[in-house]
Structure formats: structure tokens, C-alpha cells
Amino acid sequence: QVQPVESGGGLVQAGASLRVSCTASTRTFSRYTLGWFRQAPGKEREFVAALSWITGNTDSADFAKGRFTISRDNARNTLYLQMNSLKPEDTAVYFCAVRTGGFLSQLEKDYEYWGQGTQVTVSS
């Protein structure tokens with residue numbers, strides 16, 4: 001089993017930047033695909049970005065392109081989501097998810113392990 005743990009959320013003003021992190025409490029992320037999802041109040045959870053730990057290939061939602069960057073630190077076994085030019089509509093709980101098999105995916109159902117989430121709030 002892999003238990004992802006998120007950190008780094010907080011309250012920021014519109015236009016600011018924030019980086020959230022994800023690490024594993026039980027084992028390394030090697031050979032897995034990792035994803036970031038978010039869920040805003042009253043809305044369904046949606047895909048943000050994904051990264052293949054083996055290849056380094058990434059994928060991101062249209063709203064994230066140009067503002068959000070997913071990356072990894074192999075030595076720290078940590079996944080990051082750098083978020084720039086934040087908007088109030090980016091306010092959500094951000095979840096880290098692990099897919100143990102297969103390629104990059106934007107679908108929640110393809111990810112087996114989920115963290116508890118970290119709250120990101122962007123004030124106007």
C-alpha cells in the first residue's frame with residue numbers, strides 16, 4: 001500500500017503563488033503515476049495534473065496549463081504542484097492520488113490511493 005500525504009495548503013490572495021507537496025508515508029513513489037485532483041465546495045472532484053514517476057511525462061487540465069506545474073523530487077520522494085497567478089476559483093481541497101499501474105490518466109477511478117487533502121483558499 002501507498003499512503004500519500006499532502007501539505008503546503010493555505011490562504012493566499014489572488015495573484016499569489018503557492019506550492020503544495022505530496023509524499024508517501026509508507027513507501028516510495030517509484031514506478032507509479034501520481035495525480036493532483038481538487039474539489040471545490042459544492043462541486044465534484046476534478047483532475048488537475050498527473051506525472052509518471054518513471055518517464056517524467058506529465059499531463060494537466062486545460063485550466064492548469066500555463067499556471068500550474070507538476071514536478072517531482074526523486075531524492076525526497078516528493079511530488080509538487082506549483083500554482084501561480086492563483087484565482088478565487090482555485091479555492092478547493094487539493095488531493096494527491098497514486099496509480100500503481102498504467103499510464104497517465106485524468107480519471108479518478110484509475111487511482112487507487114488517495115491522501116486526505118490540503119485546503120487552498122484564494123481570497124479576492
Side-chain angles (χ1 to χ4, degrees):
Q1 283 210 354
V2 181
Q3 182 57 56
V5 179
E6 305 93 339
S7 62
L11 171 63
V12 297
Q13 291 189 331
S17 297
L18 192 67
R19 188 179 73 171
V20 292
S21 304
C22 174
T23 189
S25 63
T26 52
R27 57 186 299 176
T28 67
F29 286 142
S30 60
R31 298 182 290 113
Y32 296 154
T33 290
L34 298 167
W36 285 104
F37 291 77
R38 70 182 187 181
Q39 187 167 22
K43 295 187 177 181
E44 294 188 351
R45 191 155 54 185
E46 64 178 347
F47 171 76
V48 178
L51 177 146
S52 167
W53 205 266
I54 296 176
T55 65
N57 291 338
T58 62
D59 184 26
S60 59
D62 287 344
F63 70 80
K65 288 180 169 66
R67 294 194 302 129
F68 294 3
T69 302
I70 188 171
S71 64
R72 63 181 174 181
D73 184 325
N74 288 340
R76 288 184 167 84
N77 193 45
T78 301
L79 178 76
Y80 300 105
L81 182 68
Q82 176 69 43
M83 300 180 287
N84 299 327
S85 302
L86 282 162
K87 306 174 183 179
E89 51 263 45
D90 294 318
T91 294
V93 178
Y94 284 72
F95 296 92
C96 178
V98 178
R99 185 183 191 198
T100 60
F103 303 103
L104 295 172
S105 173
Q106 298 189 2
L107 302 177
E108 283 189 60
K109 68 179 181 64
D110 289 336
Y111 292 81
E112 295 99 324
Y113 302 103
W114 293 79
Q116 294 298 310
T118 186
Q119 177 70 47
V120 173
T121 303
V122 184
S123 63
S124 57

A.B. asks: When rounded to the nearest 0.5 angstrom, what is the spacing between CG in N74 and CZ in F29?
C.D. replies: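 Here the interatomic distance stands at 11.5 Å.
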A.B. asks: Which atoms form the tightest heavy-atom contact between T91 and P41, and what is the distance?
C.D. replies: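 Where T91 meets P41 most closely, the heavy atoms are O-CD, 4.2 Å.
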A.B. asks: Considering only Ile, Leu, Val, Met, Phe, Trp and Tyr, and joining two whenever side-chain heavy atoms are under 4.5 Å apart, list the other residues clustered with V5.
C.D. replies: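 Result for V5 is none, singleton.
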A.B. asks: Of all residues at least two apart in sequence or in a different chain, which pass the side chain to side chain contact (heavy atoms under 4.5 Å, CB included) check with T58?
C.D. replies: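 In terms of side chain to side chain contact (heavy atoms under 4.5 Å, CB included), with neighbours along the sequence ignored, T58 is linked to L51, I70.
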A.B. asks: For L104, which fellow cluster members are found when Ile, Leu, Val, Met, Phe, Trp and Tyr are connected by side-chain heavy-atom distances below 4.5 angstrom, either directly or through intermediates?
C.D. replies: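 Joined to L104, directly or through intermediates: none.
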A.B. asks: If the condition is side chain to side chain contact (heavy atoms under 4.5 Å, CB included), which residues does T55 pass it with, not counting sequence neighbours?
C.D. replies: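 Side chain to side chain contact (heavy atoms under 4.5 Å, CB included) check on T55 returns S52, N57.
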A.B. asks: What residues form a side chain to side chain donor-acceptor pair (under 3.5 Å) with Q116, not counting sequence neighbours?
C.D. replies: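 Side chain to side chain donor-acceptor pair (under 3.5 Å) list for Q116, sorted by chain: empty.
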A.B. asks: Quick one: closest heavy-atom pair of A49 and L81, and the distance?
C.D. replies: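 Answer, listing the atom of A49 first, then L81: CB-CD1, 4.4 Å.
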A.B. asks: Restricting to pairs with a member in residues 4-13, which pass salt bridge (charged side-chain N to carboxylate O under 4.0 Å, His left out), not counting sequence neighbours?
C.D. replies: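 Of all non-adjacent pairs touching residues 4-13, none passes salt bridge (charged side-chain N to carboxylate O under 4.0 Å, His left out).
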A.B. asks: Which heavy atom in S105 sits nearest to a heavy atom in D110, and how many Å separate them?
C.D. replies: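 Scanning both residues completely, I find the closest heavy atoms to be OG-OD2, 2.5 Å.
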A.B. asks: Donor-acceptor pairs under 3.5 Å, side chain of residues 10-24 to any protein atom, not counting sequence neighbours: which ones?
C.D. replies:
| residue | atom | partner | partner atom | Å |
| --- | --- | --- | --- | --- |
| S17 | OG | N84 | OD1 | 2.9 |
| T23 | OG1 | N77 | O | 3.1 |

A.B. asks: Assigning hydrophobic clusters by single linkage (Ile, Leu, Val, Met, Phe, Trp, Tyr; side-chain heavy-atom cutoff under 4.5 Å), is F47 placed with M83?
C.D. replies: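 No, it is not one cluster - the side chains of F47 and M83 are not joined through contacts under 4.5 Å.
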A.B. asks: Holding to side chain to side chain contact (heavy atoms under 4.5 Å, CB included), I want the full list of residues that pass it with D90, two or more places apart in sequence or in another chain.
C.D. replies: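 Listed in chain order: R38, R67, F68, L86, K87, Y94, V122.
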A.B. asks: I'd like to check the side chain to side chain donor-acceptor pair (under 3.5 Å) partners of T100; sequence neighbours left out, ordered by chain and number.
C.D. replies: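 Residues passing side chain to side chain donor-acceptor pair (under 3.5 Å) with T100: E112.
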A.B. asks: Of all residues at least two apart in sequence or in a different chain, which pass the salt bridge (charged side-chain N to carboxylate O under 4.0 Å, His left out) check with E89?
C.D. replies: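 Checked E89 against salt bridge (charged side-chain N to carboxylate O under 4.0 Å, His left out); zero matches.
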A.B. asks: Can W36 be reached from L34 by stepping across I, L, V, M, F, W or Y side chains whose heavy atoms are under 4.5 Å apart?
C.D. replies: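 Yes, one cluster joins them.
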A.B. asks: So which pairs with a foot in residues 101-124 pass ring pair (Phe, Tyr, Trp, His ring centres under 6.0 Å), sequence neighbours left out?
C.D. replies: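 Of all non-adjacent pairs touching residues 101-124, those that pass ring pair (Phe, Tyr, Trp, His ring centres under 6.0 Å) are F37-Y111, F37-W114.
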A.B. asks: Run the side chain to side chain donor-acceptor pair (under 3.5 Å) test against R76 and tell me which residues pass, sequence neighbours left out.
C.D. replies: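 Applying side chain to side chain donor-acceptor pair (under 3.5 Å) to R76 gives D73.
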A.B. asks: Just wondering, more than 12 heavy atoms not from K43 lying within 6.0 Å of its NZ?
C.D. replies: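 For K43, atom NZ is not crowded (no more than 12 foreign heavy atoms under 6.0 Å).
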